[in-house]
There are 6 protein chains.
Amino acid sequence: MSISIHVANPNSNQAVTDSMAKALQCYAGAQIDIHCTTLATGPFGIESQADTDSVAMPMRDLVANDKDSGAFVIACYSDPGLAMCREATDKPVFGIAESGLLTALSRGQQVGVIAIARPSIKRHQRYMRQMGVLDRCAAERSLDMTVAETESGEHTLEKMIRIGEQLRDDDGADVIVMGCAGMARHRAPLEEALKIPVVDPTQAAVGMALTTVLAS
Amino acid sequence: MSISIHVANPNSNQAVTDSMAKALQCYAGAQIDIHCTTLATGPFGIESQADTDSVAMPMRDLVANDKDSGAFVIACYSDPGLAMCREATDKPVFGIAESGLLTALSRGQQVGVIAIARPSIKRHQRYMRQMGVLDRCAAERSLDMTVAETESGEHTLEKMIRIGEQLRDDDGADVIVMGCAGMARHRAPLEEALKIPVVDPTQAAVGMALTTVLAS
Amino acid sequence: MSISIHVANPNSNQAVTDSMAKALQCYAGAQIDIHCTTLATGPFGIESQADTDSVAMPMRDLVANDKDSGAFVIACYSDPGLAMCREATDKPVFGIAESGLLTALSRGQQVGVIAIARPSIKRHQRYMRQMGVLDRCAAERSLDMTVAETESGEHTLEKMIRIGEQLRDDDGADVIVMGCAGMARHRAPLEEALKIPVVDPTQAAVGMALTTVLAS
Amino acid sequence: MSISIHVANPNSNQAVTDSMAKALQCYAGAQIDIHCTTLATGPFGIESQADTDSVAMPMRDLVANDKDSGAFVIACYSDPGLAMCREATDKPVFGIAESGLLTALSRGQQVGVIAIARPSIKRHQRYMRQMGVLDRCAAERSLDMTVAETESGEHTLEKMIRIGEQLRDDDGADVIVMGCAGMARHRAPLEEALKIPVVDPTQAAVGMALTTVLAS
Amino acid sequence: MSISIHVANPNSNQAVTDSMAKALQCYAGAQIDIHCTTLATGPFGIESQADTDSVAMPMRDLVANDKDSGAFVIACYSDPGLAMCREATDKPVFGIAESGLLTALSRGQQVGVIAIARPSIKRHQRYMRQMGVLDRCAAERSLDMTVAETESGEHTLEKMIRIGEQLRDDDGADVIVMGCAGMARHRAPLEEALKIPVVDPTQAAVGMALTTVLAS
Amino acid sequence: MSISIHVANPNSNQAVTDSMAKALQCYAGAQIDIHCTTLATGPFGIESQADTDSVAMPMRDLVANDKDSGAFVIACYSDPGLAMCREATDKPVFGIAESGLLTALSRGQQVGVIAIARPSIKRHQRYMRQMGVLDRCAAERSLDMTVAETESGEHTLEKMIRIGEQLRDDDGADVIVMGCAGMARHRAPLEEALKIPVVDPTQAAVGMALTTVLAS
């Protein structure tokens, strides 16, 4: 794949442009290794505060013990153990909820979040308030499914589109975050259907992780 | 350069992990072309609201006329014309102030901003309030230099370190954003000196741009 | 016309009352000259961010070149170029969106805004957040008309009443701002119909302008 | 006195301009009668919450019994009884704290308030939070004087300048509100000394009152 | 009645636990005398801002003149005269709106308030904004009854359940505050019906009062 | 000990007063059993995010397994596992940070927090932002001690007074929360020295717990 980014310097100062061009060379031609692991001891899906908190310590150990990676991504939309993992390593650590929401804020004005199940909404709301970005959240709505259902069910995309339309039309969202780790395959068709940007939080977090490392 | 990102799935659901791994292949081996241009008609430095607003329309024309690029970055820490550029194209457009601040929010709790000159602080403050993230800003302090001085002057880094120390120690910042487009060369030594993350906003915006395009 | 304002000093300190009475003499018997001009190069209506930004520089030139006026009012409900115009002159400059909203905050608790067309709502929302008063906004709803239609159409008032009722009854607004420059003729009948205060933003801004100048 | 206000319509729609010009005729040539009264039963100065609350009911009676005035101004910088007075009449009622702060928000970005005495600061802070504008307040600082001292004392202006300089330089205020009813005579010299706008809250409230009535 | 509270110290520091146990002895075996009085001169119900403000001074006198009580509770859900009463005594003074809302924030994430009548909602909204907790309020809805009707009417509980269901299901409240002083008898059945915590504000305030005094 | 609480009904409605008196009988003569336990597996002091998160699961188990207690208090000023414990039981669960802060909001306008050590401040700040009460926090300052030192050291109170004076005089706090579980013995002397209310968070949480249970 080939992509092209245009960086336009609105002042006429060529030295600034040259300086930027040099600073951005880091992004071209890097050898990027992204390895995904599964926490064997984790619950099958993270659907409650207990599920979330139960994996915090294991995530910390994982981060503390991996001396090779340049950055870490906690791939659960509750960012379990994020603050603790940041204590445990000097490498940058990204949570997919935080990164997904921050990325969405660069694509639209009011974020709509699609949750898998209703009980997560309060947990996510606490987190957005903690981040200080709750005012930029139009609403969060739930698919009312289990993690297992979202995976097997063929109707998942269909439901996501319907919920996404409600977020867009009733709540005023102009960008959507999929509030779960494993739904990236639905991102493009959902965006196609809704005609507003859709952010997969894992891609967002890995994007922030790799460009942070490349820029270091 | 070779980088390694560890994406850890805190639940034990391998299918989710596999799905993520597939979604992240987009980041490996892409051919990335980042081209930086200078707005010939722009002011030498953008130091006032008039400087900012004067380049908004030209930025819009630039974005509207470039059919080839996959994304745009407005490389001035006042994000001139950003909302209008987003009207003018279906491609994603990133402003370096917005992206720099959002990226900083994933690296620390309270952001300290280093401005080149004092008059910009009120302008940036309005913008952070518009973004809804002013509460996450510890403070913004100024180098009290001209753009020309920051470039030629050998004391720029020295001053940045002193201002950065004030932001860290007096204002409680635990992450720094350099509030200007052309200072990326100081990022690493400043981070080294301050021992807290330092974000170059242009790198941050290009990072968001390229990973957004790769993930599309 | 003859108006009577009662200024009641709740303490028994007559010297304070006398001092106020003296300070308020400026408002009686002033010779007020309000001249309205049209920006010949502007778009017919301002309906997009591009329309807004396109008139910012011309507004600045207009303000910078008029040495005779004592104050300026930017008569478009997107306040184009307001911050820049304030840089360009020592005279006070008022935007009708800012003044209309601030005036409304002295007449009710939650403001309802009537926009001409839907795309303006996001732009206005950004602006209210920038002002820090978004929490005092009950909602903004759109007439879904063009500027041309609002002018010619005989049904404009009728639609404004219907939208105003929604803002009042469904959203909890207890004061209305008409989110456009040229609708003052509908102010009184709309207020009559809704039984809550209705603010014309141009009148509000000119009111703030003239009393600011008189008080100087 | 003769003042000149320039209302500039940034679109090229002459009909809008004509419509505004017509709506603004109300401000020219009005016969304005501003009468100031003293609440004989009030305390000499309002320096505590008890002073404030003690005059609320009398202010309500005053407003309810005056059928002739077109608007009311409660001329104490704690706005005693304002919400109740608004219940008691259909005429608009303005409080000088509310109007002074709202007017200041159209003249600068961060408001500095000069209080007469320290105990009032908490009371004013509660009020600014209630208004939802506390984030736009840079700081409030006290002259540490009694109301009596501010009146007789020749050093009042001198102290106001010193406090104003602290608000401007240490707290970042770019507009000042004088947090008391009877200090209008110091407005101009204070503004002269500080080089940033200074708002007298009584003038601000009366300005809002008279233009509201004229525009009705 | 016998209650049992488990205080669990999550660190292994027994000295801390011993210290706490000692500090909590104050709560066991106290002789508690709660006496409720009626303000003979007050209105029958407090339904307007005028009703509220009319009792502020009498409440202050009552507090200033009672030298025997260890704490005071202002038992009206508009907290009339609260700030002034706190000036008038060194004893702690609690308002039932403030205490009810703060207590609710320890039982749920978003508070739903049940008002007796619609006009009180704006008054309560101002107060929650003044407290800085409006963002934690899901909504306030009204029974549309008079105080007299709530007392005699047998349908009060039924209506409260219906309004509570709307607050829970449509507005997202997960804790309810009954916005009136005399409805404690409905607390348990309402909680039973709604399956979310219901807070009686008078009980909440007296609870805070007595434990504050016991802990002194 | 004997305490006396005066509950004053500001309306003249005796039935309301009678109803309250009945509802408050629950507080008199209750048999209160407060038992404090130590988590044997916990760290000696909780000084980091890792310490906090490490005790979350054990606290949940403790709460889930104790069927006898009527309410639970998590006695660590980071409220470890609070949201999860609330999932694990139908009994009310209180965290001492949450309860301490909410109680302080009923005693003063701006809360000053005394932390044991500096690293906790960021953690507490995140939590206050999550609660939505950060704006009511004047500042948090640290004793720069270890938990062990606060216990043995005779200079603890002396340091607390010095930090408390800074919070009161430099930051504007008018109520203090001691940000640690085991410092209740310093509450009274600290309050005596500072002349503003001092809240021990464990007493606050147990107070809320017992009155909640009594009122059920």
Side-chain angles (χ1 to χ4, degrees), chain D residues 39 41-43 45-65 72 74 76-90 93 95 97-98 101-102 117-137 140, chain E residues 39 41-43 45-65 72 74 76-90 93 95 97-98 101-102 117-137 140:
Chain D
L39 185 68
T41 59
I46 288 184
E47 299 179 337
S48 66
Q49 188 69 44
D51 289 340
T52 306
D53 290 356
S54 72
V55 296
M57 295 303 291
M59 290 309 288
R60 182 198 173 280
D61 294 345
L62 182 152
V63 160
N65 293 330
F72 298 91
I74 300 176
C76 160
Y77 198 79
S78 296
D79 291 356
L82 180 57
M84 178 170 45
C85 289
R86 286 175 172 159
E87 275 180 5
T89 177
D90 288 340
V93 185
E98 185 180 77
L101 288 164
L102 293 173
R118 202 157 298 202
S120 302
I121 292 179
K122 291 274 171 198
R123 192 167 70 248
H124 297 165
Q125 187 184 40
R126 275 197 299 275
Y127 192 58
M128 287 186 282
R129 182 183 284 118
Q130 180 182 299
M131 288 179 63
V133 301
L134 191 54
D135 282 354
R136 294 282 301 273
C137 179
E140 177 160 351
Chain E
L39 184 68
T41 59
I46 288 184
E47 299 178 338
S48 65
Q49 188 69 44
D51 288 342
T52 306
D53 290 357
S54 72
V55 297
M57 295 303 293
M59 290 309 288
R60 182 198 173 281
D61 293 345
L62 182 152
V63 160
N65 293 330
F72 298 91
I74 300 176
C76 159
Y77 196 79
S78 296
D79 290 358
L82 179 57
M84 178 169 47
C85 289
R86 286 174 173 160
E87 273 180 8
T89 177
D90 287 341
V93 186
E98 185 180 79
L101 288 164
L102 293 172
R118 204 157 295 202
S120 302
I121 293 179
K122 291 272 170 198
R123 191 167 72 248
H124 297 164
Q125 189 186 38
R126 276 198 297 275
Y127 192 58
M128 287 187 281
R129 182 181 284 118
Q130 181 181 298
M131 288 178 64
V133 301
L134 190 54
D135 282 353
R136 295 282 301 273
C137 178
E140 176 159 351

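Each chain gets a letter, A, B and so on, in the order its sequence line appears, and its residues count up from 1. The model shown is predicted, which means the values in this text are computed figures rather than measured ones. Just so it is clear, the values below take in all heavy atoms, side chains as well, and ignore hydrogens, waters and symmetry mates.
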Item to check | Minimum heavy-atom distance between E:Arg126 and D:Ala83, given as atom pair plus value | outcome: NH2-CB, 3.5 Å
Checklist entry - Considering all heavy atoms of both residues, which atom of D:Met57 and which atom of E:Asp53 are nearest to each other, and what is their separation? => result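 Answer, listing the atom of D:Met57 first, then E:Asp53: SD-C, 3.9 Å.
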Checklist entry - Among residues 128-137 of chain D, which residues come closer than 4.5 Å to chain E, judged by heavy atom distances? => result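 Under the 4.5 Å heavy-atom cut-off, D:Arg129, D:Gln130, D:Met131, D:Gly132 qualify.
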Checklist entry - Which value, rounded to the nearest 0.5 Å, describes the distance between E:Arg60 atom CZ and D:Ser54 atom OG? => result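 Between E:Arg60 CZ and D:Ser54 OG, I get 9.0 Å after rounding to 0.5 Å.
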Checklist entry - Counting distance only, does the side-chain N/O of E:Glu87 pair as donor-acceptor with the main-chain N or O of D:Gln49 below 3.5 Å? => result yes
Item to check | For E:Glu98, all residues meeting salt bridge (Lys or Arg N to Asp or Glu O under 4.0 Å), sequence neighbours excluded | outcome: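 So E:Glu98 forms a salt bridge (Lys or Arg N to Asp or Glu O under 4.0 Å) with E:Arg86.
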